[in-house]
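The structure displayed is predicted, hence computed values, not measured ones. Computation of the quantities below employed the complete heavy-atom set of this structure, encompassing side-chain atoms and omitting hydrogens, waters and symmetry-equivalent molecules.
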Amino acid sequence: MASRTRLAAVLSSLAAIALLAAGCTSTPGAETPTSSPAPSASAGDDTGDIEGVLLDDGRMFAVITWGSSGCVPQVDEVSAEGQTVTVTVVDLPDENGEEKVCTADYSPRASIGALPEGVDPTAEITLNVTYGDIVDDVDLDGNPDFAGKPGSSTEYQPSAGWFDDGSLVLLTWGSSSCAPVVESVEGSGNAGTVTFVTDAEQVCTMDMAPRATIIAFPDDDVDDDDFTLTLTGDGLDGTVKVHSS
């Protein structure tokens with residue numbers, strides 16, 4: 001029997017809360033906003049490349065796509081047959097239901113979803129991802145250290161996973177309207193530090209939502225094995241063990 005799940009309401013705001021290491025807010029020299037084209041496998045060498053990681057102690061996953069950092073797609077629907085998880089990722093319209101206006105940069109974006117009940121995160125998982133006309137399979141290694149069970153309640157702890165050489169997805173929990181903003185990133189060997197902007201005057205909604213942040217280190221500076229990421233600033237102080245997928 002196939003198990004099937006739709007993302008809970010807490011995940012419906014992911015487009016507003018996913019954040020890239022370069023930041024999703026306007027900065028001096030930022031690209032001019034443009035309309036968001038439908039994703040196409042022939043649009044560029046990297047456009048059709050989809051990656052994935054497991055997060056939240058094996059309860060959740062992130063799908064990494066390429067496109068505008070100002071328009072992060074959302075995981076819409078998830079189903080599973082055994083260890084094969086089928087995922088649909090969609091672009092969100094603006095508040096008026098129209099095509100969203102996006103910045104013209106080209107960056108990796110992380111979209112978070114929940115693994116369906118019955119999937120074993122300690123064993124190998126295949127994500128079958130559809131995004132526009134792009135269809136791609138992503139093989140994820142299970143992690144025997146995962147203690148979370150898909151469908152169970154989260155413990156709201158930060159988690160992280162590598163999806164490429166020197167690049168990882170960091171999952172944190174907090175207000176959906178106040179995503180973490182990266183101030184600086186540094187790393188060497190099997191340790192790194194990401195510092196977030198602390199804004200004591202920022203007014204945030206009182207919800208508790210998952211926020212995805214992509215952190216990138218120079219490829220030759222860090223070792224993916226047994227890597228510890230230290231978080232500082234914005235109330236996120238602590239350490240996270242980063243696992244490989």
Side-chain angles (χ1 to χ4, degrees), residues 7 10-27 30 50-57 59-75 89 92 102-103 105-114 154-187 191-199 202 204-205 207-219 221-222 224 227-245:
L7 295 183
V10 70
L11 296 180
S12 65
S13 57
L14 283 175
I17 58 181
L19 178 74
L20 304 183
C24 292
T25 55
S26 297
T27 57
I50 294 179
E51 303 293 342
V53 297
L54 297 177
L55 299 166
D56 196 31
D57 211 14
R59 299 179 185 88
M60 306 181 75
F61 64 88
V63 170
I64 296 90
T65 58
W66 286 79
S68 169
S69 63
C71 291
V72 180
Q74 176 179 297
V75 172
V89 181
L92 292 178
C102 306
T103 53
D105 60 333
Y106 190 68
S107 306
R109 300 88 51 87
S111 307
I112 298 176
T154 182
E155 296 179 355
Y156 300 104
Q157 296 299 310
S159 57
W162 297 107
F163 69 89
D164 201 359
D165 292 339
S167 297
L168 60 87
V169 177
L170 171 67
L171 171 68
T172 58
W173 297 85
S175 171
S176 62
S177 66
C178 293
V181 176
V182 174
E183 183 175 278
S184 63
V185 175
E186 58 184 26
T193 300
V194 54
T195 301
F196 297 100
V197 175
T198 300
D199 184 356
Q202 190 174 28
C204 304
T205 55
D207 60 333
M208 179 67 74
R211 294 94 53 89
T213 306
I214 289 181
I215 308 294
F217 299 92
D219 292 354
D221 287 359
V222 296
D224 294 359
F227 190 88
T228 298
L229 181 66
T230 298
L231 316 179
T232 64
D234 200 25
L236 297 173
D237 301 76
T239 59
V240 180
K241 283 288 186 182
V242 183
H243 65 83
S244 300
S245 296

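- Tested against Thr239, the residues Leu229, Thr230, Thr193 include a single side chain to side chain contact (heavy atoms under 4.5 Å, CB included) partner, Thr230.
- How far CZ of Phe196 is from CG of Asp237: 10.0 Å, rounded to the nearest 0.5 Å.
- A distance-only check finds no donor-acceptor pair linking the side chain of Thr65 to the backbone of Ile50 [under 3.5 Å].
- The minimum heavy-atom distance between Val185 and Ala216, with the atom names listed, is CG1-O, 3.9 Å.
- Gly70 and Asp105 get closest at one heavy-atom pair: N-OD1, 4.5 Å.
- Residue Thr172 holds its OG1 atom at 10.5 Å from CG of Leu55, rounded to the nearest 0.5 Å.
- When all heavy atoms of Ser111 and Pro73 are compared, the closest pair comes out as OG-O, 2.6 Å.
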Steps toward side chain to side chain donor-acceptor pair (under 3.5 Å) verdict (Asp56, Thr154): CA-CA 7 Å; Asp56 196 31; Thr154 182; 3.0 Å; yes
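- Sparse packing is recorded around CD of Glu155, with 12 or fewer heavy atoms of other residues, nucleotides or ligands lying under 6.0 Å away.
- Note that NE2 of His243 and OG of Ser159 are 6.5 Å apart. Values are rounded to the nearest 0.5 Å.
- Of all the heavy atoms in Phe163 and Pro108, the pair that sits closest is CZ-CB, 4.4 Å.
- Taking all atoms of both residues into account, the shortest heavy-atom contact from Val72 to Ala110 is CG1-O, 3.6 Å.
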Intermediate values then yes/no, side chain to side chain donor-acceptor pair (under 3.5 Å), Ser175 and Thr205: CA-CA 6 Å; Ser175 171; Thr205 55; 2.9 Å; yes
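- Rounding to the nearest 0.5 angstrom, the gap separating the CE atom in Met208 from the OG atom in Ser176 is 11.0 Å.
- Residues Arg211 and Leu236 are in side-chain contact: their nearest non-hydrogen atoms beyond the backbone lie under 4.5 Å apart.
- Summarising the geometry of Gly166 relative to Asp224, their closest heavy-atom pair is N-OD1, 4.0 Å, with the distance given to 0.1 Å.
- Here Ser107 contributes atom OG and Ile64 contributes atom CD1; the two are 13.5 Å apart, rounded to the nearest 0.5 Å.
- Between the CG atom of Leu231 and the OG1 atom of Thr213 there is a distance of 9.5 Å, given to the nearest 0.5 Å.
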